[in-house]
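Here is the structure we will look at.
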Amino acid sequence: MAFDTQNINKQRQNLQDYDEIWVFGYGSLIHKVDFDFLDCQNAHILGYERRFWQGSHDHRGTPENPGRVLTLTPVENARCFGRAFKVEHHIFEHLDHREKNGYLREEIEIYLENGNRVLGLVYIGAPDNAAYLGEATIEDIAAHIARSSGPSGDNKDYVFDLADALREHGEEDEHVFGIEREIFSILSKSSTS
Ligand code: BEZ
């Protein structure tokens, strides 16, 4: 599959079929909200966990040196915290552009904090996308992130901002917090050497 998924995403769902559209954010959409929304709530989805397994050629890395950003991977009985945004249809033009590096929009059941369950959309970078990097150890992921940067800034700030946002919401995520700890350890070693 191509790196740039904007055209594919346009054809995946007919947004007009939805009375209201919710998008589930599990990464930068939790803390970098650069679009208008009609409603926003804490939320979760089931059966997925977030992982730094997706390459970033356009935000936190470059085509020559891709960074590592989030995608979702299926995990039995998992619960993934995030934020759900009710948006107007045209917002997907912005989101499809922002998340164009291999992510496809998928339909997903979103459990809102008000107790309602809605069918919404989520961006997932699946293993068959051209930007996918896949599984690695926490140490290797942290080292990769510590040395990467791109047009949206240092890759490590993506991790720190997300970890801060999760803590503000009282959420634990050992994958994210483990990588954050390891990056701090790499940075402290490099500042003393
Ligand atoms: C998100 O924050 O939901 C998100 C993460 C990666 C790609 C697209 C969206």
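Position 1 is the first residue of the sequence; numbering continues from there. All values derive from a computational prediction rather than experimental measurement. In listed order, ligands and their atoms are each counted from 1.
In this structure, a donor-acceptor pair under 3.5 Å is present between the side chains of Asn129 and Gln54. Using modelled atom types and a 3.5 Å distance limit, the side chains of Gln16 and Asn14 yield no donor-acceptor pair.
Glu182 pairs by the salt bridge (charged side-chain N to carboxylate O under 4.0 Å, His left out) definition with nothing, not counting sequence neighbours. Residues passing the salt bridge (charged side-chain N to carboxylate O under 4.0 Å, His left out) test with Glu93, sequence neighbours excluded: none. Not counting sequence neighbours, the partners of Leu95 by the side-chain contact (heavy atoms from CB on, under 4.5 Å) test are Val23, Leu29, Phe35, Ile91, Phe92, Tyr123.
The NE2 atom of His175 sits 10.0 Å away from atom OG1 of Thr73, with the distance rounded to the nearest 0.5 Å.
Each of Phe24, Gly25, Tyr26, Gly27, Ser28, Leu29, Leu70, Glu99, Tyr103, Tyr123 has a non-hydrogen atom positioned under 4.0 Å from some atom of ligand 1.
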